[in-house]
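Working notes, structure below.
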There are 2 protein chains.
Amino acid sequence: MNVEKIIKTDKQIPITSRTIIHISLVETKINEMMTAALKPQGVSLQQFNVLRILRGQKGKPANLSTLNERMVTKMSNTTRLVDKLILKGYVDRMVCPSNRRKVEINITPNGESALQKMDKAIKIAEEKLLENFTGDDLAALNNLLDKF
Amino acid sequence: MNVEKIIKTDKQIPITSRTIIHISLVETKINEMMTAALKPQGVSLQQFNVLRILRGQKGKPANLSTLNERMVTKMSNTTRLVDKLILKGYVDRMVCPSNRRKVEINITPNGESALQKMDKAIKIAEEKLLENFTGDDLAALNNLLDKF
DNA sequence: TGCATACATTTGTATATACAATTGTTGTAA
DNA sequence: TTACAACAATTGTATATACAAATGTATGCA
């Protein structure tokens, strides 16, 4: 991790920036590894997250606002994200009968079994990412991140 | 920060994922605040980083590979990033006379003064982001992030 | 009933990014 | 010298994302 190198390029960068830059670098690394892990399944990280949320619904359909609330994405993208999952046959979408403004999104059996494969790949990637951490480290890290 | 809410949506998400998701959420928050801070100056976070690197060169021109090495971006984007900074008059680019495959990129006086305004805006955003952190917290956080 | 307003989602458009292929330049070995 | 590989940057294309505007639906109220 080359934080120091970046900081040192410009003496006028304040020390507090180090943390900010460091987080950004770590996040980039995480993103790259997760994306690579999901590549064989042909889904993006965001698509994977949608599938996980849907599984957590346990059959109860989710509408777009719910998905959006639990994700890190903007509303306009959620529509297109779901579009792509439909194309892959991993979810289906229908107009909510009780309120036709809403849509109901469900994970398909096909989606569930694909998700299981993704879980395995993600788990391996995570173990690799976190190999230097003890349980206490992780707890401490979470506590610190909560301060943001 | 709504990490728990996300985790709880799907019981099958392993505990270690909490940290990973948490970092991603924090990074998103940082990104949003920094982007908002830079908006009045009309530059993206990436463009700001290029300008900082160029300032650190102290007049010595940087070529694209150098910029790229110190950034979190892919090569193909660096070209277009610099294109935009040229349009704004913040940097200039010329073919390197000693090796015509390379280019030399410099920050302009115009760019330097714009960068000073950006520094101020970023500093304010950072202080807001880090208001709950002590110096020890920041040191601990950096140490933990180094384990990635 | 009719109309304004709020809600849920979608679409349009500009910009950003990733990845692969391409261009132009240099170094080097037959 | 020429042919070929390596290098540095750029371009093409597909996909992703942000933001604003538009669509269709429901609700409240005169």
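Below, chains carry the letters A, B, ... as their sequence lines are ordered, and counting in each starts from 1. Note that the structure is a prediction, hence the values are computed from the model and not measured.
- Each end of the helix from C/dT1-D/dA30 to C/dA30-D/dT1 gets its own axis from five base pairs, and the two axes differ in direction by 10°, given to 10 degrees.
- Regarding A/Gln46, its CD atom lies at a distance of 14 Å from the P atom of C/dA18, rounded to whole Å.
- Rounded to whole Å, the distance from CD on A/Glu69 to P on C/dT9 is 11 Å.
- Here C/dA16 presents its P atom at 13 Å from CG of B/Leu38, a figure rounded to the nearest Å.
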Review point. When every nucleotide of nucleotides 8-13 of chain D is labelled 5' to 3' by its protein contacts under 4.0 Å (heavy atoms), B for base, S for sugar-phosphate only, - for none, what sequence of letters results?
Key: SSBBBB

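- Every residue two or more places apart in sequence or in another chain that forms a side-chain contact (heavy atoms from CB on, under 4.5 Å) with B/Gln41 is listed here: B/Val43, B/Lys117, B/Met118.
- For B/Ser65, the side-chain contact (heavy atoms from CB on, under 4.5 Å) criterion is met by B/Asn63, B/Met75, not counting sequence neighbours.
- Atom CE of A/Met94 and atom C1' of C/dA8 are 16 Å apart (whole Å).
- For the side chain to side chain donor-acceptor pair (under 3.5 Å) condition, the pairs that include at least one residue of residues 89-101 of chain A, sequence neighbours left out, are A/Asp83-A/Arg93, A/Asn99-A/Arg101.
- Remark: B/Glu127 pairs with B/Lys123 by the salt bridge (charged side-chain N to carboxylate O under 4.0 Å, His left out) rule, at least two apart or across chains.
- The CD atom of A/Glu27 sits 12 Å away from the P atom of C/dT17 (whole-angstrom rounding).
- Contacts classified as ring pair (Phe, Tyr, Trp, His ring centres under 6.0 Å) and involving residues 25-49 of chain A (residues at least two apart or in different chains) are not found.
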In residues 128-136 of chain B, what donor-acceptor pairs under 3.5 Å come from side-chain atoms, sequence neighbours left out?
| from | atom 1 | to | atom 2 | distance (Å) |
| --- | --- | --- | --- | --- |
| B/Asn132 | ND2 | A/Lys147 | O | 3.0 |
| B/Thr134 | OG1 | B/Asp136 | N | 3.4 |
| B/Thr134 | OG1 | B/Asp137 | N | 3.0 |
| B/Thr134 | OG1 | B/Asp137 | OD2 | 3.3 |

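- A residue-by-residue look at A/Ser44 and B/Lys39 shows that A/Ser44 has its nearest nucleotide of DNA chain D further toward the 5' end.
- In plain terms, the two heavy atoms of B/Ser24 and A/Glu27 that are nearest each other are CA-CG, 4.1 Å.
- Rounded to whole Å, the distance from CG on A/Leu87 to C1' on D/dA16 is 15 Å.
- Atom NZ of A/Lys74 is separated from atom C1' of C/dT9 by 17 Å (rounded to the nearest Å).
- Judged by distance alone, with hydrogens and angles left aside, the side-chain atoms of A/Asn142 form a donor-acceptor pair with the main-chain N or O of A/Leu138 at under 3.5 Å.
- When rounded to the nearest whole Å, the span between CG of B/Leu45 and P of D/dT17 equals 17 Å.
- Partners of B/Lys120 by side-chain contact (heavy atoms from CB on, under 4.5 Å), not counting sequence neighbours: none found.
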